[in-house]
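Position 1 is the first residue of the sequence; numbering continues from there. Keep in mind the model is a prediction, meaning the values are calculated, not measured.
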Amino acid sequence: MPPKSDSVEGIVLNFVNEQNRPLNSQNAADALQKFSLKKTAVQKALDALAESAQISFKEYGKQKIYLARQDQFDIPNGEELEQMKKANTKLQEEIAEQKKITSEVESEIKSLQSNLTLEEIRSKEAILQSEVQEMEEKLNKLQSGVILVKPEDKKIIEESFSERVTQWRKRKRMFKELWDNITENSPKDQKEFKEELGLEYDEDVDVTIQPYSEMLASLNKRRKVSR
């Protein structure tokens with residue numbers, strides 16, 4: 001007669017049948033701690049169940065291994081196993097499809113979370129409107145003929161710019177001539193020699209005279225037209 005399900009033997013029997021794998025008393029005791037069962041009680045129950053042939057057991061030296069009785073389980077035939085395999089394959093496909101859908105939903109959620117809230121949109125709109133108003137005010141001043149820079153100040157700035165670009169071009173040319181004379185018959189590699197002396201070209205610091213020369217040419221052209 002099977003033990004009551006809430007008795008120690010009943011709890012141990014249910015556990016062994018559910019696991020349906022080889023177990024020793026320590027395995028069972030560790031798993032059944034949630035029922036406040038001590039190892040001694042579990043060992044006693046296992047031995048009692050084995051003695052009454054409700055579970056199987058084998059001895060390996062001093063170690064006893066317990067196992068659920070296999071004759072209580074329905075063993076599927078070849079056709080049933082094939083159907084189970086097909087069902088398992090179908091379930092795996094459904095799981096993969098659900099994972100794909102879940103991934104797409106998570107991606108959409110992240111995309112929505114990255115969008116601005118209504119409050120943030122209104123705040124940004126207010127900032128942009130303020131910037132537009134400021135730019136419109138500047139445009140209106142320019143269209144009304146307001147002089148934002150005095151002619152004398154403009155002349156000073158243009159002359160200063162022209163002088164600096166001219167000096168830049170002149171010194172660049174002087175350096176090149178001097179450098180060519182120094183390195184003409186030198187056996188040293190020019191790049192290594194330059195690094196040894198600590199020299200830097202304009203290009204080494206991401207600067208080039210070309211755009212400034214073009215600005216100066218455009219400035220001179222405007223000056224000629226205005227005369």
Checklist entry - Do the charged groups of E196 and K188 touch, with an N to O distance under 4.0 Å? => result yes

Next on the checklist: Determine whether a donor-acceptor pair (N or O, by modelled atom type, separation under 3.5 Å) exists between the side chain of R69 and the backbone of A53.
Outcome noted: yes

Next on the checklist: Closer than 4.0 angstrom, basic N to acidic O: yes or no for D47 and K64?
Outcome noted: yes

Checklist entry - Judged by atom type as modelled, is there a donor-acceptor pair below 3.5 Å linking the side chain of T102 to the main-chain atoms of Q98? => result yes

Next on the checklist: Would you say that more than 12 heavy atoms from the other residues, nucleotides or ligands in this model lie under 6.0 Å from the CD of E119, or not?
Outcome noted: no

Checklist entry - Does a salt bridge link K39 with D30, judged by any charged N lying under 4.0 Å from a carboxylate O? => result no

Item to check | Stepwise side chain to side chain contact (heavy atoms under 4.5 Å, CB included) check, D202 with T208 | outcome: CA-CA 6 Å; D202 293 342; T208 174; 5.8 Å; no

Checklist entry - Does any donor atom in the side chain of Q70 or N20 lie under 3.5 Å from an acceptor atom in the other side chain? => result yes

Item to check | Crowding at CD, E79 (>12 non-hydrogen neighbours, <6.0 Å) | outcome: no

Checklist entry - Backbone N or O of G10 within a donor-acceptor pair of the S7 side chain at under 3.5 Å? => result yes

Checklist entry - In terms of side-chain heavy atoms, does Q54 have a donor or acceptor partner in S52 at a distance below 3.5 Å? => result yes

Checklist entry - Is there a donor-acceptor pair closer than 3.5 Å between any side-chain N or O of N27 and the backbone N or O of L23? => result no

Item to check | E159 and K155: CA distance, side-chain angles, deciding distance, side chain to side chain contact (heavy atoms under 4.5 Å, CB included) verdict | outcome: CA-CA 6 Å; E159 287 177 351; K155 183 179 179 182; 3.1 Å; yes

Checklist entry - Between the side chains of Q133 and Q129, does any donor sit under 3.5 Å from an acceptor? => result no

Next on the checklist: As a test of understanding, state which of I55, N24, L13 forms a side chain to side chain contact (heavy atoms under 4.5 Å, CB included) with L46.
Outcome noted: I55

Checklist entry - Taking everything shown except E120 itself, do over 12 heavy atoms lie less than 6.0 Å from its CD? => result yes

Checklist entry - Taking everything shown except R169 itself, do over 12 heavy atoms lie less than 6.0 Å from its CZ? => result yes

Next on the checklist: Does I65 form a side chain to side chain contact (heavy atoms under 4.5 Å, CB included) with F57? I'd like the steps, not just the answer.
Outcome noted: CA-CA 5 Å; I65 300 298; F57 83 98; over 6 Å; no

Item to check | Flag for E214-Q210: side-chain donor and acceptor within less than 3.5 Å | outcome: yes

